[in-house]
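To start, the structure itself, in C-alpha cells.
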Amino acid sequence: MTLRLTTMAFAVAALTLTACESVQQPVPPNTLVAAKVATAPNPTALAADPAWANAKALSVPLSGGANFGGKGETTASLKAVYSGDTLYMLVQYADPTHSVRRGPYQKQADGTWKQLKSADNKGGDENTYYEDKWAFIWNIGNSIKNWEKEGCAATCHEGQGKPFGNKYTASPGELGDIWHMKGSRTAPWGFVDDQYVDHTRYDAKANPNAGRKNEPGPPGPQGGEYKGVPLVDGKPQFMNRDARALTAGGTQYIKRGDEVPFDDSRFKPGDEVASFIINNLAGFDRGDVRVALSWKDGMYTSVVSRKLVTGSKFDVQFSDLKARYGFGFAAFDNAQVRHATGDDALFLVFGK
C-alpha cells in the first residue's frame, strides 16, 4: 500500500511539474516574440498574409525626429515570425507623406540644371528633398556593453562636427548590425541596405561616417547601393531610358542598366529627373536583408526577411533560438539623419 501511494505521489508531482513547465512566463513589455509558423508569409501580401495572425505586435513609440506632420513622432508596430531557416518581420507606422523625391535635378528657366536642396541644409542634414527610411540596429553577440541600460542610444553621440551626431560603439570588439531601408535607393530593388557599426571615431577627413560602415557590396567605381549622376557641361550625364520627367510619372531613381545618355531636348523648364543610379545588391553581404514595401493612406507597411544564420561577421546570427537579441528601431520621414527613435532597449526572442 505504501509503495502504491508513493508511486501515485511521484505521478502527481510529475504531472504538476509538466503543467508548470507548460505555463509561459510573462513577456516583458520591451520584448518582441517571433512566432514559429508552418508556412512562411508571402512578402507581397504584406500585412494581409495569415501568418501574421500568429504573432503578437510590439508597440514602439518614436519621437525626436523631423517632420511626421510637424510633431516628429509616430508609433511603430512590429511583428515577427520564423519558418524554416528565415526570420520575417512586419513593420508598420504612420507617416502622413510618401517622400521619395531625393535631391532631384530640376531644369531652370534659362535651360540650366540644378540639384534641389533646402536652404537650411548646411551639409548632411536634408529634411525636404529626401526619401523616407527606417532602420534596425542589432547588438551582435551581446558585444555592445551598455545595451541593457541604454539600448541603441549606446551607439549614438551628439555633436562632433555633424548636425545630428555620429554613430559608433565604445570599444574594439563591440559590433552592431544595421538594417537600413532606403525608400528610393534600396527598396525599389527589394533590399534593405545591410550595414554595420564598430568603434571607429569620427574624423572629418579620415572617417567622416565614424563607426557606421558598409558590408561588402557591388565592387568598382559604380559600387555601393547607389551612385550619383554627375552634371557634365551643366546637364545630367544620364537619364532613365524612358526619358520621363518625375512629374510625368518618371522614377526618382535609375536602376543600373536603365541609364542612357542624357537628351536635354526631352525636358522643359520645371521638369525634374533622378540624380542617382541604384545597384542590385543580390549576391553580396550587403544584400542579405530583403523587403517588400508599401505606403497607403498615410501608413507604411514593410515585410522584412533574412536568413536566421548568414555566416557573416558583420551580421547578427540568430543561431540560438533560446537566446534574446537586443535591437533598436528608428523611422525617418523625409529626413537624411533626423530620425524618430524610442528610449527603451528592445529585445527579440523566439517562441517555441
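What you are looking at is a predicted structure, and each value in this text was computed from that prediction instead of being measured. One is the number of the first residue; the rest follow in order along the sequence.
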Using modelled atom types and a 3.5 Å cut-off, is there a donor and acceptor pairing between side-chain atoms of [X] and backbone atoms of [Y]?
X	Y	value
T186	F191	yes
N127	A335	no
K227	P221	yes
K145	S143	yes
Y82	L308	no
D344	L346	no
K162	P208	yes
R290	D288	no

State, with a plain yes or no, whether a side-chain heavy atom of [X] is found less than 4.5 Å away from one of [Y].
X	Y	result
Y105	L231	yes
V229	E259	no
L175	T169	no

Report whether [X] and [Y] are members of the same hydrophobic cluster (ILVMFWY, side-chain heavy atoms less than 4.5 Å apart, transitive linking).
X	Y	value
L78	F347	no
M181	W189	no
V91	L62	yes
L348	W134	yes
Y196	V289	yes

Could you list all the side-chain hydrogen bond (donor to acceptor under 3.5 Å, both in side chains) pairs where at least one residue sits in [range], not counting sequence neighbours?
range	result
residues 36-45	N42-T44
residues 63-78	none
residues 262-271	K107-D264, W113-D264, D263-S265, K268-D271
residues 230-247	N240-T251, R241-D258

Report the distance from atom [atom1] of [X] to atom [atom2] of [Y], rounding to the nearest 0.5 Å.
X	Y	atom1	atom2	result
I277	K255	CD1	NZ	13.5 Å
D285	D194	CG	CG	7.0 Å
L32	M89	CG	CE	5.0 Å
S171	I144	OG	CD1	10.0 Å
S275	L246	OG	CG	9.0 Å
C156	I137	SG	CD1	7.0 Å

For [X] and [Y], which heavy atoms make the closest approach, and how far apart are they?
X	Y	value
E131	G183	OE1-N, 3.3 Å
P43	A292	O-CB, 3.5 Å
D320	Y325	O-OH, 2.8 Å
Q222	N279	O-ND2, 2.7 Å
R185	Y130	NH2-OH, 3.3 Å
S312	Q317	O-NE2, 2.9 Å

Taking only Lys NZ, Arg NE, NH1 and NH2, and the carboxylate oxygens of Asp or Glu, determine whether [X] and [Y] approach each other closer than 4.0 Å.
X	Y	value
D193	K133	no
R286	E225	yes
R338	D125	yes

[X] side chain to [Y] side chain, donor-acceptor N/O pair below 3.5 angstrom:
X	Y	value
K117	N121	no
Q92	T301	yes
N207	T200	no

Ring geometry between W295 and H98 (parallel below 30°, tilted from 30 to 60°, perpendicular above 60°):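 Taking W295 first and then H98, their aromatic rings lie parallel (interplane angle under 30°).
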Ring-face cation of R102 near Y226 (centre distance under 6.0 Å, axis angle within 45°):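 Pair R102/Y226 counts as cation-pi.
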C152/W147 under side chain to side chain contact (heavy atoms under 4.5 Å, CB included): CA gap, chis, key distance, verdict: CA-CA 7 Å; C152 62; W147 195 276; 3.8 Å; yes
Partner residues of H157 under the side chain to side chain contact (heavy atoms under 4.5 Å, CB included) criterion, sequence neighbours left out: Q160, Y168
Sole candidate of T310, D177, N142, N139 that passes side-chain contact (heavy atoms from CB on, under 4.5 Å) when paired with V316: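 Looking at T310, D177, N142, N139, the match for V316 under the side-chain contact (heavy atoms from CB on, under 4.5 Å) is D177.
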Qualifying residue, where the test is side-chain hydrogen bond (donor to acceptor under 3.5 Å, both in side chains) with Q195 and the options are H180, K167, K213, E215: H180
Shared-cluster residues of W52, by chain and number - hydrophobic side chains joined below 4.5 Å: V37, L46, V81, Y88, L90, V303
Evaluation steps, side chain to side chain contact (heavy atoms under 4.5 Å, CB included), between Q106 and E272: CA-CA 4 Å; Q106 184 186 68; E272 297 176 14; 3.4 Å; yes
Test log, rule side chain to side chain contact (heavy atoms under 4.5 Å, CB included), inputs R306 and D315: CA-CA 10 Å; R306 205 211 73 174; D315 291 340; 3.6 Å; yes
Aromatic contact, F329 with F136 (centres under 6.0 Å): yes
